[in-house]
Each structure stands twice: as C-alpha cells, then as structure tokens.
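One structure is given below, encoded as structure tokens.
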Amino acid sequence: MEFKHTFHVFVDNFSTTYKLLVYRLIVMAVTVGLSCAVVIPTLNNILGTAQFEELSKTFSELWADIIALNTDTLHEKLQAVLDAMRQFKGVLSEKSSLVAVAGVCLSLVYLIDRFFVGIGNYVTGALLNDRMVMHAKSSFTFTLFKNIKAALLYSVIYAPIAFAYDVLCLVIMWAIISVGLKSVSIALIKIFLIAVLFIVFSAIKFTFTTDWLPALIHSKKNNRSAMAYTFSRKGKRTGSVFSNALVMKLIFIAINVAALLFTFGAGILLTLPATYLMQISYNFVNYFDANKLKYFVDEYTVIGPKKEKPLTREEFFKGDD
C-alpha cells in the first residue's frame, strides 16, 4: 500500500516538480559557474592528455556496445577501457599535485551542491507535509524563507554526511573494479556487479535517511533526535524500507535512462525532479504509516489507521506522535 499511497501523494503534489526543476537549475548554474572558475582550469591540465582522450574514446565505444546490446565485442571494449584506465593512472601519479588541487576543488564544489540540494529537499518536505496534513497548497518561495533557519541547519549536517558516504562508496567501487573483478573474464558480469553495487549503496543511503526529514518537519524533532529515530526506526521496518528503496532505485534509473536515450536528454528535465519528489513523498508516507498518522493523499481521501487514539484538533494539525 505504501507504493500506492506514495504515487497518489506524488500526483497530488505534481506541480512541485516544476518548482524543484527551477530550483535545481539555479543550483546547477551556481555549481557550473564555480566549476568553470575553479575546477576546470586545473582539470584541463589533466584531461587534455592523450591518455585521457583514449580513455574517453574507449569508454564511449563500450557504452555504445552496451546500448546496442552488442555482446560480441563487449569484452574487448571493456578490456580496452581497463587498459586506458591503467595508462591514465600513470598520468595521475605524475601530476599528483595537480590531482590533489583538483580533488579539493571538486570536493568543495560538490559539498556546496549537496548543501543547496539539502535545502531544496527540506523545503519540498515542508510543502508535502502541509499538503498531507491540511491539504494546504503552499508557495515554494514563501516556504523557503519561512523555514530557512531550519533548512540551513539540516543541510549543514546533511551535506558532509552525504559527501563522506558518497566518497566511501566511490573508494569501495574503485577497489572492486581495479582489484576484485580482475579474475572475472566475462564483461557483462562485471558491468552487472558494478550496477548492482551502485544500486545497493544508493538504497542503503536512502534507507537510513528516510525518516530524517519527516521527523524534523512533521514531529518537530531536533536533528539529533531525528537522526536517532531514523537509525532506530519505530516498528523495526528497516528491511521493508530497504527492499522498497531497491525497487524504487531500479525504477527511477530505468525511467531516467529511458528519458535520456529516447528524448535526446530533454526528458530528464522532468523525470529527474519527479523522481526526487517521489522519493520525498515515500519518506513522508512511510513515516506517517509507521506512526499511524492520518494524511491526505488527495483532496477527498484521507488515509488513517484502522484503530487510532483520539486526537484533539491541535494534536492532529501539529502532528504529535
């Protein structure tokens, strides 16, 4: 039922997709501007090498074979990519100081991007909460300024945690690709294992941040209590949330890849913010269901527990547990 209710909440709040799109485009403009000013001049000294051009060429050929489902030369193309990566690693070791500077710049830009994304997630969560509790249609800009202090505090905590986790996952993936998969000779198996690991890591992150925003916004918990709640999870629903996260990640990747391929990239302008909105919708539906709270899925339908404790009007709109 959670998927069904999540979809209904998503549809009821679909107009927020366009607001998220505008917000994400503004954030992207900021990060691209910072990258052009700080990162790209440093990276040009690395990415302009013949070794990187060879890596780009072989990777493009491999991707073309994957899209075309051409398994005859897939192993050769994958081996060519791995050989090009080894040559490029030699260039990186020769230019270690430039790599270090570029790494620091990229990390700062990525942190700034995660910080603004966190603010956008908080505002989107606040809009969903208003809609689900009172079926109120709030302004994105007004909600942003109204909750700016809480959104900033949340994002200051969320951004470094997300960054650290993403870096850890990249290190693990790199170790698996360069060491763990050497003994695997079939290219499709390597690609399959890498894709599975990416989805699993993403689902784990989603599982242990699912209740954070709803606990902050709806139950008015502080960040420490909200984080403690999302790791302890009322009702021991971690396994269920993780399995749902895996399904959603697979569906979202399929939708975005299809939009990228069949609309020449234009479709992701809609599908990317829509998938973000769907994920946040699931966060709130899961939290409300776990805590047996009433909520609107549309103008005429209220979801609630079969047996519920009596609540005063003030308790209902405040969202106390």
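All values below come from the heavy atoms of this structure, side chains included, with hydrogens, waters and symmetry mates left out. Because the structure is a prediction, the values reported are computed rather than measured. For reference, positions follow the sequence shown, starting with 1.
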Show the nearest heavy-atom pair for residues [X] and [Y], with the distance to one decimal.
X: A84; Y: L55; result: CB-CA, 3.7 Å
X: T17; Y: P273; result: O-CB, 3.7 Å
X: K19; Y: S138; result: NZ-O, 3.7 Å
X: Y18; Y: L270; result: CE2-CD1, 4.1 Å
X: L272; Y: N256; result: N-OD1, 3.4 Å

Side chain proximity check, [X] to [Y], heavy atoms < 4.5 angstrom:
X: Q51; Y: R86; value: no
X: M173; Y: L170; value: no
X: N147; Y: V123; value: no

Are [X] and [Y] joined in one hydrophobic group, where the rule is that I, L, V, M, F, W and Y side chains link up if heavy atoms are under 4.5 Å apart?
X: L277; Y: F252; answer: yes
X: L197; Y: V257; answer: yes
X: F7; Y: I251; answer: yes
X: Y229; Y: Y122; answer: yes
X: L106; Y: V30; answer: yes

Side-chain ([X]) to main-chain ([Y]) donor-acceptor, under 3.5 angstrom:
X: D113; Y: V109; answer: no
X: N13; Y: T16; answer: no
X: T301; Y: V297; answer: no
X: T31; Y: M28; answer: yes
X: K292; Y: D289; answer: no
X: N129; Y: G125; answer: no
X: Y23; Y: F116; answer: yes

Atom [atom1] of [X] and atom [atom2] of [Y]: how far apart are they, to the nearest 0.5 Å?
X: M278; Y: S281; atom1: CE; atom2: OG; result: 7.0 Å
X: I217; Y: L128; atom1: CD1; atom2: CG; result: 8.5 Å
X: F288; Y: H5; atom1: CZ; atom2: NE2; result: 13.5 Å
X: M132; Y: L127; atom1: CE; atom2: CG; result: 13.0 Å
X: I204; Y: C169; atom1: CD1; atom2: SG; result: 7.5 Å
X: L144; Y: I119; atom1: CG; atom2: CD1; result: 7.5 Å

Using 30° and 60° as the class limits, which term best fits the ring planes of F10 and F14: parallel, tilted or perpendicular?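 Perpendicular.
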
Can you check side chain to side chain donor-acceptor pair (under 3.5 Å) on H135 and D12, steps first, answer last? CA-CA 9 Å; H135 209 259; D12 194 46; 3.0 Å; yes

Check against side chain to side chain contact (heavy atoms under 4.5 Å, CB included), F296 and R131: CA-CA 7 Å; F296 287 93; R131 193 76 166 171; over 6 Å; no

Ring pair (Phe, Tyr, Trp, His ring centres under 6.0 Å) contacts touching residues 260-286 (sequence neighbours left out):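 Output for this query lists F206-Y282.
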
What do you reckon, is CZ of F163 surrounded by more than 12 foreign heavy atoms closer than 6.0 Å?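 Yes, enclosed.
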
Check this for me: F145, atom CZ, are more than 12 non-hydrogen atoms of other residues, nucleotides or ligands nearer than 6.0 Å?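 No.
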
Does anything in residues 154-172 form a side chain to side chain donor-acceptor pair (under 3.5 Å)? List the pairs, not counting sequence neighbours.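 Qualifying pairs, neighbours excluded: Y110-D166, D166-K205.
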
Determine, stepwise, if the pair K294 / I303 fulfils side chain to side chain contact (heavy atoms under 4.5 Å, CB included). CA-CA 5 Å; K294 285 184 175 181; I303 304 299; over 6 Å; no

Verify side chain to side chain contact (heavy atoms under 4.5 Å, CB included) between V285 and Y295, making sure each step is shown before the conclusion. CA-CA 8 Å; V285 168; Y295 58 95; 3.7 Å; yes

If you apply the rule side chain to side chain contact (heavy atoms under 4.5 Å, CB included), what do you find for T230 with T209, and how did you get there? CA-CA 6 Å; T230 199; T209 55; 5.5 Å; no

So, Y287 and S219: side-chain donor and acceptor under 3.5 Å apart, yes or no?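 Result is yes, a qualifying pair exists.
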
Restricting to side-chain hydrogen bond (donor to acceptor under 3.5 Å, both in side chains), what partner residues turn up for S56, sequence neighbours left out?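 In terms of side-chain hydrogen bond (donor to acceptor under 3.5 Å, both in side chains), with neighbours along the sequence ignored, S56 is linked to no residue.
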
Passing candidate, side chain to side chain donor-acceptor pair (under 3.5 Å) with D211, options N286, N283, N291: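 Considering N286, N283, N291, a side chain to side chain donor-acceptor pair (under 3.5 Å) with D211 is found only for N286.
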
